[in-house]
Protein chains: 2
Amino acid sequence: MAKLTSLKSEKRLLDRQAADGIRTHILEGILPAGGRLLETQLSEELEVSRGTVRAALAQLAREGLVQQVAFTRWQVSETSPRDAWELYTLRAALEGLAARLAAENGVAADHKRLKSTVAELTRAVKDKRFGDVTDIDFRLHQEIVEIAKHRRLAEQHGYIMQQVRFHMVHSGFFPKDYAALVDEHAALIGAVIERQPDLAEALAKSHNEAEVKLLAAHTEENPRAETAS
Amino acid sequence: MAKLTSLKSEKRLLDRQAADGIRTHILEGILPAGGRLLETQLSEELEVSRGTVRAALAQLAREGLVQQVAFTRWQVSETSPRDAWELYTLRAALEGLAARLAAENGVAADHKRLKSTVAELTRAVKDKRFGDVTDIDFRLHQEIVEIAKHRRLAEQHGYIMQQVRFHMVHSGFFPKDYAALVDEHAALIGAVIERQPDLAEALAKSHNEAEVKLLAAHTEENPRAETAS
DNA sequence: TGATGGTTGATCGTCAGCAATCGCGAGGGG
DNA sequence: CCCCTCGCGATTGCTGACGATCAACCATCA
């Protein structure tokens, strides 16, 4: 008998699927930041019951993409400069730990995968396929986290990166200095492969600090009327 | 006319209240690790509907105290040495950031509160009120996080600390060297008050690393039949 | 103008019920 | 005796409908 992949391995609970659908809409920017979400409308569009929609919205609220105003409304989260600062500082702390662990634990196969992704990133920058650059950038950081073999870290990092992506889409902030971006990633991956935990952690942190400074400059230039927390 | 206090200040959504009730039971060790939770039974005991119980359990699952086995059962999470390692490494990263921010941002009132809590901790150790020591220890770390003024950090730290408490209750691990505990906390708070971010971050991390080593020794001495992840 | 009260529409919580799935033991075959 | 299969009971997953509660809007009236 040939090896079969389980059919039900990807069978997911309905509320998760509903959350996936809404999440995709939010991350693609189809739903505007601060936009209202109606339970009944969502339940009709997704063809699930209102209870299932409520469970999905609660999940998304935990992920930080949606906010619940008790007894009143559900809405897509807003983006403020304060949020961006929180995301990048927290991301620096988490990725610092991830880089350290990856440098300590990574095996040859991991190193090979990282090198391959860095090469992809370099090619995309050289070819000026800037749309792909962001995706590969995200994937590279995710691979480091996976090598760290830390379930809770991976989960938290995933939520943070989701919010980073959300913030990028809605604030129009994207990296600009692609040459520096490639250099920083190459240095970080080099430290991981050469098993230098301290250096890897430091590079991961400084990489994020560089981005938070760029973001601060961006929000200076593009001030928005956002309510302070 | 006497001033009235808002009635709704403590009015909470019912599913949150249900989650609070179950959470307390779990954190006090009344429900054993791995113990099964029946939706029907909980709804009868808490006198809420099954739907509300499901919402509460989903919330607790997101907090890491409960696990959902699809179509089969809800159960209290298990504690493994791997979990403990994850909790302490992640906690070190988060508290490192918190200590850094607290050292940068703390004002006089914050410093006063920290000193007061350290004094409480010192007194409790001197009086050998070891039950109180743990609570004050937790509160001290929470105060540092609050001073950092970082919403997402505070949220994540809260969830982690909840799981740490859960793990302590169910694994029987408690600090032993109370003198060193007081010294480490005093040094950390000193660095925060003297506005030395680098030192504060380093002390917060080493404090947690010390604990993870104690824990490793503890699990060596008290091996349990736990399933590896 | 500004306070009052009513209307509207949304969320919150409950309930009864059915479908989907799993665990486990009885039963049968080797 | 062991192993496999089947079926039953228990539990979870999901639905639709309902009443209660709450916020926002609007008309009324002093």
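Just so it is clear: chains get the letters A, B, ... in the order the sequence lines come, proteins before strands, and each one is counted from 1. Small disclaimer: the values here were computed from a predicted structure and weren't measured.
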OP1 or OP2 of C:dC12 under 4.0 Å from side-chain N/O of A:Trp74: yes
From CA spacing to verdict: side chain to side chain contact (heavy atoms under 4.5 Å, CB included), B:His167, B:Phe173: CA-CA 8 Å; B:His167 198 277; B:Phe173 171 70; 5.6 Å; no
Short side-chain N/O contact from B:Ser49 to OP1 or OP2 of C:dT14, under 4.0 Å: yes
Distance, rounded to the nearest Å, where A:Leu14 contributes CG and C:dC18 contributes C1': 15 Å
First of A:Thr52 and B:Thr72 reached from the 5' end of DNA chain D, by closest nucleotide: B:Thr72
C:dT11 phosphate, OP1 or OP2, under 4.0 Å from A:Gln68 side-chain N/O: no
Sugar-phosphate only, base, or nothing, as touched by B:Leu57 at under 4.0 Å among non-hydrogen atoms: nothing
Polar side-chain contact B:Arg50-D:dG13 base: donor and acceptor under 3.5 Å: yes
Protein-nucleotide distance (A:Glu39, atom CD; D:dA23, atom P), rounded to Å: 16 Å
Nearest-angstrom distance from the residue atom CD of B:Gln67 to C1' of D:dT11: 18 Å
Nucleotide nearest A:Leu38 when distance is taken to its side chain, options D:dT11, D:dC14, C:dT11: C:dT11
Basic-acidic side-chain contact under 4.0 Å: A:Lys205, A:Glu201: yes
Protein-nucleotide distance (A:Arg16, atom CZ; D:dT12, atom P), rounded to Å: 15 Å
Integer-rounded Å distance: D:dT21 P and B:Asp15 CG: 17 Å
Length of the CD-P vector between B:Gln75 and C:dG23, whole Å: 11 Å
Sugar-phosphate, base or nothing in reach of A:Val48, heavy atoms under 4.0 Å: sugar-phosphate
Out of D:dC22, D:dG13, C:dT14, whichever nucleotide has its closest atom nearest the side chain of A:Phe71: D:dC22
Rounded distance (Å) that lies between atom P of C:dA16 and atom CD of B:Glu44: 12 Å
Phosphate OP1/OP2 of C:dA10: any A:Gln41 side-chain N/O under 4.0 Å: no
Near-ring test A:His157/A:His141, centroid separation under 6.0 angstrom: no
Touch class at under 4.0 angstrom, heavy-atom based, for A:Arg36 against every strand present: sugar-phosphate
Closest listed nucleotide, where the reference is the side chain of A:Arg54 and the choices are C:dG13, D:dT15, D:dG13: C:dG13
Single hit among B:Arg139, B:Arg113, B:Arg129 for salt bridge (Lys or Arg N to Asp or Glu O under 4.0 Å) with B:Glu120: B:Arg139
Any donor-acceptor N/O pair, A:His150 side chain to B:Glu86 backbone, under 3.5 Å: yes
Rounded distance in Å - CZ (A:Arg73) to P (D:dT21): 23 Å
